[in-house]
2 protein chains.
Amino acid sequence: MKSEPFDRKKHVYQNDAFTELVKDAVRFFNGTPVQELPPPEKFLGTGVYALYYTGSNDLYKKYAKLNRLSYGYPIYVGKAVPKGWRQARVSDRTETQSRELSTRLKEHSRNILNASDLFLKEFSCRFVIFEREGSDMISTIESALIKLHKPLWNVALDGFGNHDPGSGRYEQAKSDWDVIHTGRLWAEKCNGIPRDKNAIIDNMKRHLKNIG
Amino acid sequence: MKSEPFDRKKHVYQNDAFTELVKDAVRFFNGTPVQELPPPEKFLGTGVYALYYTGSNDLYKKYAKLNRLSYGYPIYVGKAVPKGWRQARVSDRTETQSRELSTRLKEHSRNILNASDLFLKEFSCRFVIFEREGSDMISTIESALIKLHKPLWNVALDGFGNHDPGSGRYEQAKSDWDVIHTGRLWAEKCNGIPRDKNAIIDNMKRHLKNIG
């Protein structure tokens, strides 16, 4: 094949509109109504959500304090994308009608309920639904919110969003999140050697110093 | 917590600018110079790439034909995102200086070289680098290109982008891609029962009918 001489510049995409658009979506996100966790109704759609903590657990008292007057500091940010999204295997119709986001928030609620030292009523959430072409923004906005807030459970305590690895795979260690918050049934089945609890807590404390 | 009554409408983000922006980036992508695979120089950056086939393999003659006059039909689309991107663990400086995209194209070249029935010189590529905040667009543009082109190796032949599962994990079956294109050393170590070759080829043929 004959090709033009290599010139990196010709391959770099520049568009400031993108930065503005992300800011607009983040502003919208921060202005949406805060709901209890899980929200009181099931709903259709995929999108991005944030969980806020305002309880009395000693590890998270900084979050409770920061969120006292307004919900500005999520402890976790996540996304629910349309099934088969990456492979483009779904039609737009299916995407719009799925309940992924609602289901994901319900799943998180169950995990928090199972944790021996957390109370579901101490959590609340925000979420934004992205429909049709807009669903392509989901990963971008999730990433922007994580970069902006550096939520503890995303950045300094791995494992909250994990799923049951399934039979035959319990030789792995339970996640850091499960070391700190015991109680998830499948996590307690994991036989591997988990990380040291004190080391995890030190890491969380270090991270919390930079929040707020 | 007291919260507003639930109203789904208040949680739906609407912004047509996003659709326009994705179109602009896809147009830019399609206008970038086509390069041989791998490109002649190493370069810095992360982003999105497409591989094009113009050789004489019987399975892919439709691609060779469609791409005869211009490179419009990729056989594979992929991305290279900054390391630690999802967890926001990297600084912008690190992102900009990584060679992820260049490395990924090199890796694909090696895999094609190892395949017994493919020739590297029959492939070429396009790639676009997204820098700084723009790197948040990478997944979105990859997804848009996959939806647009439905590349065979993304949608109807799984496994080209796979990595060596590593020792102790070779009980799994080799991927469909490795059934069709034998030769990757680690794939040949996989002991599981792979899918039937004829069934895979039927699936590829069915998919190719809808391309172009």
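Just so you know, these numbers come straight off a predicted model, no measurement behind them.
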**Prompt:** Should the heavy atoms of other residues, nucleotides or ligands under 6.0 Å from CZ of A:Arg169 be counted, would the total exceed 12?
**Reply:** no

**Complete:** Between the OG atom in A:Ser139 and the CD atom in B:Glu142, the distance rounded to the nearest 0.5 Å is 9.5 Å

**Message:** If I compare all heavy atoms of A:Ser135 with all of B:Lys147, which pair ends up nearest, and what's the gap?
**Reply:** OG-NZ, 4.5 Å

**Complete:** When rounded to the nearest 0.5 Å, the distance separating CG of B:Leu21 from CG of A:Asn15 is 5.0 Å

**Request:** Determine, stepwise, if the pair A:His11 / B:Thr32 fulfils side-chain contact (heavy atoms from CB on, under 4.5 Å).
**Result:** CA-CA 6 Å; A:His11 300 269; B:Thr32 52; 4.1 Å; yes

**Message:** Assess the residue pair B:Val12 and A:Val128 against the criterion (side-chain contact (heavy atoms from CB on, under 4.5 Å)); give the C-alpha distance rounded to whole Å, side-chain angles, the decisive distance to 0.1 Å, and a yes or no.
**Reply:** CA-CA 6 Å; B:Val12 178; A:Val128 166; over 6 Å; no

**Contacting region of A:Asp24 [heavy-atom separation from chain B under 4.5 Å]** = both

**Item:** Largest heavy-atom contact set with chain A, pairs under 4.5 Å, which of B:Lys10, B:Arg126, B:Glu41
**Value:** B:Glu41

**Request:** Select one option (side chain, backbone, both, neither) describing which atoms of A:Phe28 are under 4.5 Å from chain B's heavy atoms.
**Result:** side chain

**Asked** Near A:Lys189 NZ, under 6.0 Å, is it more than 12 heavy atoms from other residues, nucleotides or ligands?
**Response** yes

**Request:** Using a strict 4.0 Å threshold on nitrogen-to-oxygen distance, state whether B:Arg8 and A:Glu131 make a salt bridge.
**Result:** yes

**Request:** Would you indicate whether B:Asp16, at its atom CG, is surrounded by more than 12 heavy atoms from other residues, nucleotides or ligands within a distance under 6.0 Å?
**Result:** no

**Prompt:** If you count heavy-atom pairs under 4.5 Å with chain B, which of A:Phe130, A:Phe43, A:Phe127 comes out on top?
**Reply:** A:Phe127

**Minimal non-hydrogen separation, B:Thr140 against A:Asp136, with atom names** = OG1-O, 2.8 Å

**Message:** Among A:Ala25, A:Ala17, A:Gly134, which residue has the highest count of heavy-atom pairs closer than 4.5 Å to chain B?
**Reply:** A:Ala25

**Message:** Around atom NZ of B:Lys106, are there more than 12 heavy atoms from other residues, nucleotides or ligands closer than 6.0 Å?
**Reply:** no

**Prompt:** Atom CZ of A:Phe18 and atom CZ of B:Arg132: how far apart are they, to the nearest 0.5 Å?
**Reply:** 13.5 Å

**Message:** Is A:Pro39 close to chain B through its backbone or its side chain, or both, or neither, when contacts mean heavy atoms under 4.5 Å?
**Reply:** side chain

